[in-house]
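Protein chains get the first letters and strands the later ones, always in sequence-line order, with residue 1 at the start of each. Everything numeric here is computed off the predicted structure, so don't read it as measured data. Every heavy atom of this structure was used, including side-chain atoms; hydrogens, water molecules and symmetry mates were not.
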There are 2 protein chains.
Amino acid sequence: MDFNDKQKQIIETAEQLFADRGFEGTSVRDIAEEAGINVAMISYYFGSKEKLLEALFSYRAGDTVQQLEGMIHHKVLAPLEKINLMIDFYINKFQRQQCFFKIMMREQVASQHGVTSGLIQHFKKRNQQLVKQLIQEGQKTGEFSKNIDVPVLMATLIGTTGHLMATQHFYREINHLQEMPDEQFQKLIKKKLSVHLKFLFKAILTHEI
Amino acid sequence: MDFNDKQKQIIETAEQLFADRGFEGTSVRDIAEEAGINVAMISYYFGSKEKLLEALFSYRAGDTVQQLEGMIHHKVLAPLEKINLMIDFYINKFQRQQCFFKIMMREQVASQHGVTSGLIQHFKKRNQQLVKQLIQEGQKTGEFSKNIDVPVLMATLIGTTGHLMATQHFYREINHLQEMPDEQFQKLIKKKLSVHLKFLFKAILTHEI
DNA sequence: AATTTAATCAAACAATTGTTTAATTATTTT
DNA sequence: AAAATAATTAAACAATTGTTTGATTAAATT
């Protein structure tokens, strides 16, 4: 999907508010006011509030899997190095699109009747298949252990990253980092997560440390 | 807080609906209808919808930390065994109170202005202090490594558990377990998480496998 | 048995919700 | 320059929101 500037402006405003207050907690008038446009423009451009959420998803979730595929397949690396690449890719994606992932987290918690659950399901499936392939590569060469539960492993990657990102205010407070500029703090948390998750994945995948 | 039977009935109905549709996505009339009571009873007993959410939190979050403290301090165990106890305690708690934890997950994602964020913050702080103590015990005896980042470690426990629980329908589908009775499936997922997380914690804490 | 307190209810309340309308202004195309 | 399309607007729409009211019934207390 391609959106014009005004549409992007609405989508991005909605994204921020949805992340902060939830989909149901945000009114179309909130969005319109924050974006500096008339309420009717939302229906005019997207049809409805629900379809605006769908538009947001196709705007963001777009070709994430393809990016990941491209990045990994076009490099000649050891299986574990590819896994590490994937870990950093995920952390970066999460960090650059924090608002969107907050919305995704919420939608995943909800019952599976919403307009987004199908999109998320599809996205997750393709992604897990890719990771499964990566792991099978490593198992063929004998570098990786057998009996790896991919969904559980991915739950660790996504769950840990998502939780720490969502509760970063708490992480700041407990470590007395309230005064640190956000840019610096994001770098810190990214590095922390990267080292931590790579360590965990190596332990699980190779049974070595 | 102690609630009478009718109050509990309302709280537990609200809990299910909040978990499924979110706080904003659930109307007081939904709750009243589902609980088989009059709408006015909610204001009558709790004052407001927001205060009903607060009541739910004090109803559930109650003495979780004390339970955990009691369970751990009153046993003579090696540090790692205490950690394992804590892991299983968390998984069990999460599994027995899935609706409540879904609500907590959502509330944590939201901006920090809600009525619950203070309660969650306080609960998390006390809990992390307890875990910190546990880890320091192990560090004194030399069983645990130095430089353990407790919040990151707890993000792995809570994040992984929460994510897998929230997306269990997906886990069922990808493993072709749609037909498995829920009781059996819950046991399976509990065991999976328990083994997985204990392995990860041991790797991080002892640098051994 | 009389009185007080608690519980329950349908109805009304004002505010807010997402969406549509019909008119007006900008922009593009002919 | 005229015509046609797109963008924008304030106002209205009906539906739903959380909450309150005032009356009625049930339970507890005296």
Just the atom pairs and distances: protein N or O near nucleotides 23-28 of chain C's N or O, under 3.5 Å.
none

Within a reach of under 6.0 Å around [atom1] of [X], are more than 12 heavy atoms found that belong to other residues, nucleotides or ligands?
{"X": "K198(A)", "atom1": "NZ", "answer": "yes"}
{"X": "K93(B)", "atom1": "NZ", "answer": "yes"}
{"X": "E33(A)", "atom1": "CD", "answer": "no"}

Quiz prompt | Centroid-centroid under 6.0 Å between F123(A) and F57(A) rings | solution = no
Quiz item: Any ion pair linking E24(A) and R21(B) (charged N to carboxylate O, less than 4.0 Å)?
Solution: no
Practice problem: Please determine if K8(B) and D2(B) form a salt bridge, counting it only when a charged side-chain N lies under 4.0 Å from a carboxylate O. | Solution: no
Quiz item: Between S27(B) and dT16(D), does any side-chain N or O lie under 4.0 Å from OP1 or OP2?
Solution: no
Self-check item: Interface with DNA chain D, restricted to residues 17-24 of chain B and to heavy atoms under 4.0 Å
Solution: none
Quiz item: Can you list, by residue number, the residues of residues 28-59 of chain A that have a non-hydrogen atom closer than 4.0 angstrom to DNA chain D?
Solution: R29(A), N38(A), A40(A), M41(A), Y44(A), Y45(A)
Restricting to nitrogen or oxygen on both sides, can you table the protein-nucleotides 23-26 of chain D pairs closer than 3.5 Å?
none

Practice problem: Provide the full list of side chain to side chain donor-acceptor pair (under 3.5 Å) pairs with a residue in residues 36-59 of chain B, sequence neighbours left out, each pair given once. | Solution: E12(B)-Y59(B)
Quiz item: Looking at side-chain heavy atoms only, is the closest gap between F3(B) and I10(B) below 4.5 Å?
Solution: no
Quiz item: Is R60(A) close to I103(A) at the side-chain level, that is, under 4.5 Å between some pair of heavy atoms?
Solution: no
Quiz prompt | Atom pair CG (L197(A)) and CG (L193(A)), whose distance is rounded to the nearest 0.5 Å | solution = 5.5 Å
Exercise. Whole angstrom is fine here: how far is it from NZ in K6(B) over to C1' in dA6(C)?
Key: 12 Å
Quiz prompt | Spacing of D5(B) atom CG relative to dA6(C) atom C1', expressed in whole Å | solution = 15 Å
Quiz item: Does any N or O in the side chain of S194(A) come within less than 3.5 Å of the main-chain N or O of D88(A), such that one atom is a donor and the other an acceptor?
Solution: no
Quiz item: Does E173(A) have any side chain to side chain donor-acceptor pair (under 3.5 Å) partners at least two apart in sequence or in another chain, and if so, which?
Solution: Q121(B), K125(B)
Self-check item: Within 45° cone and under 6.0 Å: R106(A) NZ/CZ vs F23(A) ring
Solution: no
